[in-house]
Number of protein chains: 2
Amino acid sequence: MKWKELEEEPCSMARTIGVIGDRWTLLILRECFLRTRRFEGFQSALGITRHLLAERLKKLVRQGILRRIPYQEAPKRHEYILTQKGLDLYPIMMALVHWGDTHMVDERGRPLLHQHRKCGKDFDPVIVCSECGEPLLAKEVHTHPGPGAQSLRTIAAPDKPKAKPRRSAA
Amino acid sequence: MKWKELEEEPCSMARTIGVIGDRWTLLILRECFLRTRRFEGFQSALGITRHLLAERLKKLVRQGILRRIPYQEAPKRHEYILTQKGLDLYPIMMALVHWGDTHMVDERGRPLLHQHRKCGKDFDPVIVCSECGEPLLAKEVHTHPGPGAQSLRTIAAPDKPKAKPRRSAA
DNA sequence: CTTCTATAGTTCTAAAATCGAACTGTCAAA
DNA sequence: TTTGACAGTTCGATTTTAGAACTATAGAAG
């Protein structure tokens with residue numbers, strides 16, 4: 001499977017992974033949410049090679065997740081800022097952080113706390129059902145094909161995905 | 001930066017990315033949540049090379065995200081099932097799916113719908129504050145160093161990463 | 001008894017991605 | 001005139017991944 005195919009699969013998760021599902025892209029996005037905007041800022045914060053950084057930024061711009069905006073003429077310079085589409089990645093970022101906070105902290109505790117301005121408290125993100133507001137548990141969710149379904153794969157778990165001969169028997 | 005270093009960074013997101021932040025691992029986890037449990041199941045569903053699949057499964061087991069459980073003696077066979085730590089990845093998976101549903105669907109609509117057994121309705125996942133229950137917006141969240149902070153990097157947003165405006169920066 | 005099939009890997013080579021370091025170009029300041 | 005900051009680009013070396021074949025075990029088929 002190639003990256004391009006991923007984005008065309010009838011699976012929203014696969015498509016998302018096709019866009020942001022690699023180490024550097026995710027880390028670049030972390031920096032974006034931490035308000036880094038410029039090439040040098042990303043590079044020195046992450047230690048990514050300049051080559052890859054340039055490539056990843058281009059891809060994020062192509063995907064409409066970042067916008068490249070001039071901040072000075074003279075030597076033309078641009079900064080990269082999140083579009084709405086990019087800001088919408090926030091729940092993904094929070095979910096990643098929260099899992100790390102829960103399962104990957106050492107004895108010192110969390111490196112970073114999040115305070116909700118609305119209520120003033122440090123919080124954890126909680127996922128709830130948009131319809132009833134109850135917290136979601138994997139076990140209580142049932143998936144079924146939607147209008148965009150097309151392949152039998154990825155819609156629901158087929159109990160046994162037919163095996164095919166791997167070698168020519170001749 | 002190497003993979004191993006990532007897991008030691010004082011940043012929960014980096015650590016999480018170090019564990020699950022690559023294309024195949026994420027797709028394998030998708031399959032896990034769709035109830036795939038066996039080597040052949042993953043391989044044929046994803047088209048991943050057997051070599052990589054074996055490696056990724058080993059890593060997920062090492063990380064305590066999957067457990068390798070024998071389901072038959074005779075030729076010894078195992079299946080891979082999510083531990084609690086693995087199940088806790090559910091919010092990340094849902095967040096990925098939801099972003100794809102919002103920004104990556106084609107005219108046909110969503111490939112997969114999620115029904116909440118508790119209320120019976122198809123839903124979207126919503127992230128709320130654990131303290132006040134209000135939906136979270138990136139703009140309303142302030143980050144500050146926690147007990148596990150140690151490096152100045154990644155703790156909090158440096159307002160401008162050593163970018164001193166040398167000119168009138170618009 | 002031999003062959004086929006199913007399952008879960010391992011091994012090998014070629015191709016692709018990433019790393020690391022140097023190089024390009026613009027303009028301001030020293 | 002030289003240096004420094006910034007935003008890239010280029011290129012050879014290294015690491016990962018792809019793709020296909022090979023190994024191993026055991027039941028069923030013939």
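Proteins come first, then strands; the chains are lettered A, B, ... in the order of their sequence lines, and each starts at number 1.
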Next on the checklist: From C-beta outward on His51(A), which listed nucleotide comes closest to its side chain: dT25(D), dG9(C), dC11(D)?
Outcome noted: dC11(D)
Item to check | Asp22(B) CG to dT16(D) C1', straight-line distance once rounded to whole Å | outcome: 11 Å
Checklist entry - With distance as the sole criterion, do the side chain of Arg50(B) and the base of dA8(C) form a donor-acceptor contact below 3.5 Å? => result yes
Item to check | Tyr71(B) side chain, from C-beta outward: closest of dA8(C), dA18(D), dA7(D) | outcome: dA8(C)
Next on the checklist: Given the ring of Phe42(B), does Arg56(B) sit roughly above its face, with NZ or CZ under 6.0 Å from the centre of the six-membered ring and within 45° of the axis?
Outcome noted: no
Checklist entry - If you check the Ala54(A) side chain, which of dC27(C), dC19(C), dT9(D) turns out closest? => result dT9(D)
Checklist entry - Rounded to whole angstroms, how far apart are NZ on Lys58(B) and P on dT10(C)? => result 4 Å
Checklist entry - When rounded to the nearest 0.5 angstrom, what distance separates CD1 in Ile20(A) from CZ in Arg15(A)? => result 15.0 Å
Item to check | Whole-Å distance separating the CD atom of Glu55(B) from the C1' atom of dT10(C) | outcome: 12 Å
Item to check | Residue Arg77(A), side-chain atoms from C-beta onward, closest of dG19(D), dC19(C), dA7(D) | outcome: dA7(D)
Checklist entry - Are OP1 or OP2 of dA18(D) and a side-chain N or O of Trp24(B) less than 4.0 angstrom apart? => result yes
Checklist entry - Atom CG of Leu46(A) and atom C1' of dG20(C): how far apart are they, to the nearest Å? => result 16 Å
